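This structure is a prediction, so every number in the text was calculated from the model and none was measured.
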Amino acid sequence: MVNYINSLLLMNDAVWVGIAAACVVVFTVVGFIIGRVISDRMRNAKVGTVETVVAKMKEEAEQECKAIKKEAILEAKEQEIKLRNDFERDTREKKAELQKAEQRINQKEELLNKRDSNLLKQKEELEQQKKDLDRRVSSIQAKQEKIDQQYEMVVAKLEEISGLSKEEAKKQLSDAILDDARKDVAMQVRSMEQEAKDEADKKAKDIISLAIQKCCTDHASEITVSVVPLPSEDMKARIIGREGRNIRAIENATGIELIIDDTPEVVILSGFDPVRREVARLSLEKLIADGRIHPARIEETVEKVKKELDVQIKEAGEAAMFEVGLFGIHPELIKLLGRLKFRTSYGQNVLQHSLEVAHLAGLMAAELGVDVNLAKRGGLLHDIGKAVDFEVEGTHIQIGVDLAKKYKESKNVINCIQAHHGDVEPKCIEAVLVQAADAISGARPGARRETSTNYVKRLEQLETISAGFKGVEKAYAIQAGREVRVMVKPEQIDDNQAMFLAKDIAKKIESELEYPGQIKVNVIREWRCVEYAK
């Protein structure tokens, strides 16, 4: 209230100060006007004396001053009334706002008081619930202890009745459950595999048969020697030369052994490197046709043949690439492809085999709707390591992978090379197709052959591996080693275990045995009941 009165006093002082300032302004204006009037009258006066004029003017000025003063006082009073009204209006508005604010504060205070009371009630309820929970937990713990005691008594009684400890009973139970689960899983797996095989076999047979029908290549024979015909027996002496210098020059220049024996009118070239053997054959044929056989001529002819053969190798690689319809292969890989023309594996020409695999993989990829170019590229390059496996240490797969990485082939092409013998898992569909095409090309009847010694050794290993498993009674390799029939003891191996046994034998054969194509593992379980009528 005191602050309110002080604000009113300060407001009145401000009003009077404003009135005084208005009066000063009014008097200043009046003086200016009087001076202006006097000067005008003095200039324009034509009669009377100066004193008369001044007196008259003074009188008029006083009257005007009174009138102006009166007007100023009236305006000041009006201004005072207006300011007072404005002040009273503002005071009423602020008072109303203060009352509203006070009402809001009172409402909030009431609300907070209600909340406090509700919180107190909730706290009391929570405390009561906590006490109830504590009582329940205590009761449950007591019941649990009683149940544990009863359980221990029951377990002890069961152990006493059964004569087995808890661990032994648990082990027997788990073994029984595990056996039942294994049987159920085996039955489900066998059923699912049979359904998948029925569906997949039909589709695979259609695709493979169509691919084989569209692709047909010639057979080849495995040779590690070349035979050069001679026009006459006298040519043998000229090839040997004085004290054997000519034959030594040929062997030193080509790295191939010349075998000159009693066989009429032929010279045998022996060597494991097919390119060097081809160089020696062509060089010897040129020397025989020319008739001039001496060390200098031999070296000159060999060098010339090497250059010509390099051109032929490059042309053979380019022809293979164009036949498949591929482009963008590194020139060095093209040369290595051409060298495969002189390389054989199990009697099969490797370049022809690579072309066949590329065509088969491409046809199957087209049927499945996957990348045809990738399948052809992987099939053409899958045996590229065999081009230099005589010169570089390692398997032809590892050599091929290193070459593909060196000449910037894609990861999928490298995976096709790595996975075509099952050494690693295929990471794309095209790698699986290359693997299948390689098996088809190598498994065709007459496509490959091997020596009788290697054949017999492989069959013995196949039977030994199959007979080494528990429960196997006999194992026989049939169909030229492409199938092994395993007879099992029916009292030791049941039908479900026979399926797992076939898988285990197949995995061991894959890991320990080298063979062309594929081998079928046929596990036979036969139960015979014999009785005699007397």
Quick check: closest heavy atoms across [X] and [Y], and the distance to 0.1 Å?
X    : Y    : result
S354 : L340 : OG-CD1, 4.1 Å
K341 : N349 : O-ND2, 2.7 Å
I334 : M321 : CD1-SD, 3.8 Å
I414 : A404 : CG1-CB, 3.8 Å
I524 : R485 : CD1-CD, 4.4 Å
L351 : L337 : CD1-O, 3.5 Å

> Taking the six-membered ring for Trp, are the ring centroids of H421 and H382 within less than 6.0 Å of each other?
Replying inline: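 No, they do not, as the ring centres are separated by 6.0 Å or more.
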
> Does K508 make a cation-pi contact with F469 (under 6.0 Å, within 45 degrees of the axis)?
Replying inline: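 Positive - K508 is close enough to the ring of F469 and near enough to its axis.
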
> Just how far is it from atom CG of L258 to atom CD1 of I247, taken to the nearest 0.5 Å?
Replying inline: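 L258 CG to I247 CD1: 5.0 Å, rounded to 0.5 Å.
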
> Once you round to the nearest 0.5 Å, how far does CD1 of I268 lie from CZ of R281?
Replying inline: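 One gets 14.5 Å once the value is rounded to the nearest 0.5 Å.
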
> Is any side-chain heavy atom of V228 closer than 4.5 Å to a side-chain heavy atom of E285?
Replying inline: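 In short, these two side chains touch, coming nearer than 4.5 Å.
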
>> Side chains of E409 and R377, heavy atoms from C-beta outward: is any pair under 4.5 Å?
In response: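 E409 vs R377: side chains touch.
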
Any salt bridge linking [X] with [Y]? Criterion: basic side-chain nitrogen under 4.0 Å from a carboxylate oxygen.
X    : Y    : answer
R297 : D290 : yes
K507 : D504 : no
K406 : E332 : no

Can you check whether [Y]'s main-chain N or O pairs, donor with acceptor, with [X]'s side chain at less than 3.5 Å?
X    : Y    : result
R525 : P490 : yes
R248 : E243 : yes
E483 : N522 : no
N415 : K427 : yes

> Mind checking what makes side-chain contact (heavy atoms from CB on, under 4.5 Å) contact with E299, not counting sequence neighbours?
Replying inline: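 Applying side-chain contact (heavy atoms from CB on, under 4.5 Å) to E299 gives none.
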
